[in-house]
Participant: 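So that we are looking at the same thing, I have put the structure below in structure tokens.
Here is how names work: the chains are called A, B, and so on, in the same order as the sequence lines, proteins then strands, and each is numbered from 1.
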Amino acid sequence: MSKRYTITAALPYTNGPIHIGHLAGVYVPADIYARYLRGQGKDVAFICGSDEHGVAISLKAKKEGKTPQEVIDQYDHLIRTSFEAFGICFDNYSRTSRPIHHKTAQEIFSILDKKEVFEENESEQLYDPEAKQFLADRYVTGTCPVCQFAEAYGDQCESCGSSLSATDLINPQSTISGSEPVLKKTKHWYLPLDRYESFLEEWILKGHQNDWKPNVYGQVKSWIDNGLQARAVTRDLDWGIPVPVAGAEGKVLYVWFDAPIGYISSTKEWAAEKGIDWEPYWKDKETQLVHFIGKDNIVFHCIIFPVMLHATGGYILPENVPANEFLNLEGQKISTSKNWAVWLHEYLEEFPNQQDVLRYVLTANAPETKDNDFTWEEFQARNNNELVAIYGNFINRVVVLTHKYYQGSVPSAGSLHLEDEKVLSQLAKFPDKIGHSILQYRFREASQILMQLARLGNKYLADAEPWKQIKTDPDRVAAIMHTALQIAAGLAILSEPFLPFTSKKLIQMLNIEPLQLTWETIRQKKELIPSEHQLNEAQLLFQKIEDAQMDQQREKLKLNDTKASGKTSTIPPIKPITSYEDFASLELKVAEITAAKKIKKTKKLMEIHLQVGAEFRKVVSGIAQDFEPSELIGKKVTLLSNLSPRTLKGVESKGMILLGENEEGGFVFIQPEDTSVASGSSIE
RNA sequence: CGCGAGGUAGAGCAGUGGUAGCUCGUCGGGCUCAUAACCCGAAGGUCGCAGGUUCGAGUCCUGCCCUCGCUACCA
């Protein structure tokens with residue numbers, strides 16, 4: 001095993017609070033890993049911080065009439081306190097807006113610049129003459145050149161899913177001033193990833209074929225196999241870290257260039273406070289660097305950041321990047337805008353002192369190999385059937401019986417029977433079993449092994465039946481209770497990475513803090529609690545969760561959902577008046593849907609077959625998220641029939657079905673109310 | 001035909017050529033110190049679909065379907 005560990009957890013982006021998906025995907029597994037290694041006496045730096053640059057933050061600030069600083073301060077505080085409350089034990093949680101980070105990021109940029117790693121390229125970009133700034137990505141909207149959708153963004157069309165470049169947009173419009181942008185030359189610095197293909201092949205494809213998770217390895221392989229392209233690492237924005245070279249005035253580092261450097265600056269900040277050297281944590285070959293992230297971040301952590309580190313020189317590369325998949329909530333994707341989420345700060349209010357329950361449920365059901373679903377039903381079941389009934393119940397039986405028979409003083413073992421020895425030997429194997437799973441990043445499995453230990457304790461008690469023996473053989477009972485208490489103590493220690501609050505409570509209850517127990521003590525099968533050791537009073541570790549509480553949570557989700565989406569549906573202003581001739585040139589007809597099917601590989605597009613009078617035709621419509629194909633058949637709709645045909649995803653669309661938007665932001669048909677209107681009739 | 005990952009009991013997962021398993025849930029029985037644990041038993045699977053290789057396929061090959069990501073405020 002390595003000498004030293006640098007563990008990073010994805011930097012949360014400070015434009016919103018964090019929810020259970022973040023916790024399950026990144027922070028809980030990283031926390032378990034860090035706590036475990038510390039428990040083995042390893043030198044660990046568990047590093048994180050707020051990611052506070054990027055377009056999304058300045059956009060959000062503008063929208064809310066705040067400064068970017070106010071936005072990031074607000075969410076940094078919220079996120080920071082949520083992590084703390086959930087016991088995520090970062091050694092340091094920094095912010096990318098701090099001077100130390102600006103300095104570190106600029107230094108790395110300067111080194112790369114000096115080494116002539118970057119390619120500099122001038123290109124024509126959209127520029128807003130009114131706001132006097134370049135318009136990147138989401139600062140510009142316009143008509144999609146692929147599907148004609150009128151409100152496509154500069155980086156992507158949300159209607160057809162095409163990935164766009166801002167200069168491709170037809171009739172582009174600045175989202176800042178609303179004015180029409182002009183083309184203007186600007187220079188940018190590019191990281192030539194293509195030049196590092198052989199380095200990546202050697203390092204990842206050959207070096208980590210067997211120890212990286214299939215989802216991570218497969219994703220990286222596909223990127224490399226398809227050929228990498230140079231990526232711009234600078235942007236024309238006013239919110240971010242100034243590019244520290246001549247000729248780059250008014251430019252900032254691209255947020256994805258500066259964010260991962262945040263791990264380094266956060267380490268520096270921590271080391272400085274501790275009065276130690278930060279460099280070994282990033283430069284010593286005997287340090288193991290591990291990035292915990294969600295699957296959407298794979299490219300940045302496996303390709304871009306390692307290339308940056310490699311090109312800068314002297315840095316170690318990640319040993320592993322155990323990216324998790326995503327967690328859904330009650331069958332639907334977690335969505336910030338739809339408020340379909342369980343927010344950590346709200347959970348803390350609604351389930352006070354039950355952080356471990358959520359930690360446990362998210363670990364036991366972590367999206368390690370595929371997307372998983374979080375349901376309140378499962379949350380309740382795991383709490384009531386596992387934490388309360390198995391873990392909590394075992395502890396309660398042991399402590400209550402010890403108080404009943406021995407006034408809370410640990411009885412002396414006397415001579416142990418074979419079954420006692422057996423169970424103690426099994427206990428000694430748990431540290432390695434759990435540790436093995438954790439080191440393989442199989443936290444789900446590890447949590448279940450822990451639960452097996454509590455099961456073992458329950459079974460041992462049930463088999464030994466001290467409550468019967470007490471009447472006939474008190475010496476035997478002393479040995480049994482002594483043994484059962486060893487298991488309880490073992491559970492207290494081994495639970496720590498998973499259930500830190502419970503572990504603490506249990507340690508307090510068993511009064512074993514002064515005994516300085518470790519995983520190694522258990523492994524060596526030493527006596528964990530000695531005879532005559534005095535326990536504290538029994539208290540319940542977990543509480544049952546009632547159905548009513550779960551119903552409340554489900555209700556709340558539903559309420560939030562409709563409320564939030566209602567808010568997003570705004571009535572657009574009336575467009576400039578048009579002439580009758582323009583209107584008359586449009587042909588509206590009644591059409592009947594004869595067939596419909598979803599178009600593969602798209603989210604919104606549906607291929608719809610229509611009968612318009614005697615004519616049959618096909619249109620493509622972006623309604624797949626609001627309707628099932630089967631419910632469309634037989635419906636009469638209003639068709640704009642003389643729109644110029646257009647091919648979308650390989651399907652030719654002849655016309656456009658008119659749609660309205662309802663209060664929830666979903667689509668509804670503008671439908672001829674009178675069913676007697678024949679298909680093919682004109683609408684005037 | 002863009003690429004990647006996943007699809008195994010109601011839920012969550014393990015299982016890479018040899019009798020389909022584990023945990024939770026459900027049903028029946030036993031036991032009772034405890035917030036009903038533990039024990040015994042049962043039901044529940046055409047291993048996404050179709051074809052192929054093989055004595056033998058959840059596992060290997062080919063084609064297809066679905067979900068998610070790469071690509072959105074989101075890990």
Participant: Quick one: A:W212 CH2 to B:G4 C1', roughly how many Å, whole number?
Facilitator: 15 Å
Participant: Side chain of A:D296 only, please: which of B:A37, B:C70, B:G4 is the nearest?
Facilitator: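 Per side-chain heavy atoms of A:D296, the pick is B:C70.
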Participant: Using a 4.0 Å heavy-atom cut-off across all strands, classify A:K459 as base, sugar-phosphate, or nothing.
Facilitator: sugar-phosphate
Participant: Would you indicate, yes or no, if B:A14 has its OP1 or OP2 atom less than 4.0 angstrom from a side-chain nitrogen or oxygen of A:R444?
Facilitator: yes
Participant: Between A:Y93 and A:R80, which heavy-atom pair has the shortest distance, and what is it?
Facilitator: O-NH1, 3.1 Å
Participant: Could you check which of B:G4, B:A37, B:G12 has an atom nearest any side-chain atom of A:N365?
Facilitator: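 Looking only at side-chain atoms, A:N365 lies closest to B:G12.
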Participant: Nearest to the side chain of A:K468, which nucleotide is it out of B:U35, B:C31, B:C74?
Facilitator: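 In terms of side-chain proximity for A:K468, the closest of B:U35, B:C31, B:C74 is B:C31.
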Participant: Quick one: sort the A:F90 and A:Y27 rings into parallel, tilted or perpendicular, breaks at 30° and 60°.
Facilitator: perpendicular
Participant: NA contact type, A:N372, heavy-atom cut-off 4.0 Å: base, sugar-phosphate, or nothing?
Facilitator: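 Answer is sugar-phosphate: A:N372 comes under 4.0 Å of backbone atoms only.
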Participant: Using the closest heavy atom to pick a nucleotide of RNA chain B for each, name whichever of A:G25 or A:E386 lands nearer the 5' end.
Facilitator: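 The 5'-side residue here is A:E386.
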Participant: Pick base, sugar-phosphate or nothing for A:V400, based on heavy-atom distances below 4.0 Å to the nucleic acid.
Facilitator: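 Touches nothing.
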Participant: Is the distance from OP1 or OP2 of B:G6 to the nearest side-chain N or O of A:K295 less than 4.0 Å?
Facilitator: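 It does not, given that no N or O in the side chain of A:K295 lies less than 4.0 Å from OP1 or OP2 of B:G6.
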Participant: So A:E325, base contact, sugar-phosphate only, or nothing? Heavy-atom distance under 4.0 Å.
Facilitator: base
Participant: Tell me: CG of A:L78 to P of B:C74, nearest whole Å?
Facilitator: 13 Å
Participant: Quick one: label A:A389 by what it contacts on the DNA or RNA (base, sugar-phosphate, nothing), any heavy atom closer than 4.0 Å.
Facilitator: sugar-phosphate
Participant: Which nucleotide, B:A37, B:G6, B:C33, lies nearest any side-chain atom of A:K404?
Facilitator: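 Of B:A37, B:G6, B:C33, B:C33 is nearest to the side chain of A:K404.
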Participant: Any strand counts, and the cut-off is 3.5 Å on both contacts for Watson-Crick or G-U wobble. Which nucleotide pairs with B:G2?
Facilitator: B:C70
Participant: Can you identify which nucleotide, out of B:A5, B:C70, B:C68, has its nearest atom closest to the A:N215 side chain?
Facilitator: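 Closest of the options to the side chain of A:N215: B:A5.
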Participant: Taking only the side-chain heavy atoms of A:E465 (C-beta and beyond), determine which of B:A75, B:U35, B:C31 contains the nearest atom.
Facilitator: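 My answer, after comparing the listed nucleotides, is B:C31.
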Participant: Can you check the distance between B:C3 and B:G10, where both ends of the measurement are the P atom (answer in whole Å)?
Facilitator: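 Those two atoms are separated by 33 Å.
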Participant: I'd like the C1' distance from B:G6 over to B:C13, given in whole Å.
Facilitator: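 The answer is 13 Å between these two C1' atoms.
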Participant: With rounding to whole Å, what would you report as the distance between B:C47 and B:A9 at their P atoms?
Facilitator: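 Approximately 10 Å lies between the P atom of B:C47 and that of B:A9.
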Participant: Assess whether atom CD of A:E377 is packed by more than 12 heavy atoms of other residues, nucleotides or ligands within 6.0 Å.
Facilitator: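 Counting other residues, nucleotides and ligands, CD of A:E377 stays at 12 neighbours or fewer.
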Participant: Calculate the interatomic distance between A:M451 atom CE and B:G12 atom P; express it in whole Å.
Facilitator: 19 Å
Participant: Write down the distance between CD (A:Q380) and C1' (B:G12), rounded to a whole number of angstrom.
Facilitator: 17 Å
Participant: Of the candidate nucleotides B:A34, B:C24, B:A75, which contains the atom at the shortest distance from the side chain of A:H22?
Facilitator: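 Nearest nucleotide to the side chain: B:A75.
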Participant: Would you tell me if any nitrogen or oxygen in the side chain of A:N339 comes within less than 4.0 Å of OP1 or OP2 on B:C73?
Facilitator: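 Result: no.
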Participant: Kindly determine whether A:D547 and A:R554 satisfy salt bridge (Lys or Arg N to Asp or Glu O under 4.0 Å), including the steps that lead there.
Facilitator: CA-CA 11 Å; A:D547 292 350; A:R554 283 185 283 259; over 6 Å; no
Participant: Say we look at B:U54 and B:U59: how far apart would their P atoms be, to the nearest angstrom?
Facilitator: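 B:U54 and B:U59 have their P atoms separated by 16 Å.
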Participant: Taking any heavy-atom pair under 4.0 Å as a contact, classify A:G392: base, sugar-phosphate, or nothing.
Facilitator: nothing
Participant: Test of understanding: with side-chain contact (heavy atoms from CB on, under 4.5 Å), list the residues that count as partners of A:L456, not counting sequence neighbours.
Facilitator: A:V423, A:Q426, A:F430, A:L453
Participant: What's the NZ-P distance between A:K370 and B:G7, to the nearest Å?
Facilitator: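 Nearest whole value for this atom pair: 6 Å.
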Participant: Using purine N1 to pyrimidine N3 plus N6-O4 or O6-N4 for Watson-Crick, or N1-O2 and O6-N3 for G-U wobble, each under 3.5 Å, what pairs with B:C55?
Facilitator: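 Its partner is B:G18.
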Participant: Could you tell me the separation between the CG atom of A:D51 and the C1' atom of B:C74, rounded to a whole number of Å?
Facilitator: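 So the CG-C1' distance, A:D51 to B:C74, works out to 13 Å.
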Participant: Side-chain donor or acceptor of A:R397 under 3.5 Å from a matching atom on the base of B:C33?
Facilitator: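 In this structure, the two groups form a donor-acceptor pair.
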Participant: Give the nucleotide from the list B:C68, B:G12, B:G4 with an atom nearest to the side chain of A:D371.
Facilitator: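 Side chain of A:D371 sits closest to B:C68.
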Participant: Using the C1' atom in both, what is the distance from B:A37 to B:G45, to the nearest Å?
Facilitator: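 30 Å, rounded to whole Å.
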Participant: Start at the 5' end of RNA chain B and walk down; is the nucleotide closest to A:A381 or to A:W223 reached first?
Facilitator: A:A381
Participant: Does the side chain of A:L461 come within less than 4.5 Å of A:P466's, by heavy atoms?
Facilitator: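 In short, these two side chains touch, coming nearer than 4.5 Å.
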Participant: Between C1' on B:C24 and CD1 on A:I449, what's the gap in Å once rounded to a whole number?
Facilitator: 17 Å
Participant: In whole Å, measure the gap between the C1' atoms of B:G25 and B:A34 for me.
Facilitator: 22 Å
Participant: Would you call the rings of A:Y33 and A:F443 parallel, tilted or perpendicular, where under 30° means parallel and over 60° means perpendicular?
Facilitator: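 The arrangement is perpendicular - the two ring planes meet at more than 60°.
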Participant: Looking at B:G45, which nucleotide sits across from it as a Watson-Crick or G-U wobble partner, both distances under 3.5 angstrom, or is there none?
Facilitator: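 The answer is none; no pair meets the criterion.
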Participant: Considering only side-chain heavy atoms of A:W467, which listed nucleotide, B:C33, B:A75, B:A14, is closest?
Facilitator: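 Nearest to the side chain of A:W467 among the choices is B:C33.
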Participant: Any strand counts, and the cut-off is 3.5 Å on both contacts for Watson-Crick or G-U wobble. Which nucleotide pairs with B:G10?
Facilitator: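 Answer to the pairing question: B:C24, which forms a Watson-Crick or G-U pair with B:G10.
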Participant: Given the P atoms of B:G51 and B:C70, what is the spacing between them in whole Å?
Facilitator: 36 Å
Participant: Hey, does A:L541 reach any base, or is it just sugar-phosphate, or nothing, if we go heavy atoms under 4.0 Å?
Facilitator: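 Contact class for A:L541: base.
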Participant: In this structure, how many angstroms lie between the P atom of B:U35 and the CG atom of A:N384, rounded?
Facilitator: 15 Å
Participant: Counting heavy atoms from C-beta on, name the nucleotide in B:A14, B:C74, B:C24 closest to the side chain of A:R455.
Facilitator: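 Looking only at heavy atoms from C-beta outward on A:R455, the closest nucleotide is B:C24.
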Participant: Look at the aromatic rings of A:F300 and A:W256 and report parallel, tilted or perpendicular, splitting at 30° and 60°.
Facilitator: parallel
Participant: In whole Å, measure the gap between the P atoms of B:C64 and B:G17 for me.
Facilitator: 26 Å
Participant: Kindly check if the number of other-residue, nucleotide or ligand heavy atoms within 6.0 Å of NZ (A:K505) is above 12?
Facilitator: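 Yes - once you tally the heavy atoms of other residues, nucleotides and ligands closer than 6.0 Å, there are more than 12.
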Participant: Considering every strand and a 4.0 Å limit on heavy-atom distances, what is the contact class for A:F292: base, sugar-phosphate, or nothing?
Facilitator: nothing
Participant: Classify A:I470 by what it touches in the nucleic acid, base, sugar-phosphate, or nothing, heavy-atom distance under 4.0 Å.
Facilitator: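 Nothing, no heavy atom under 4.0 Å.
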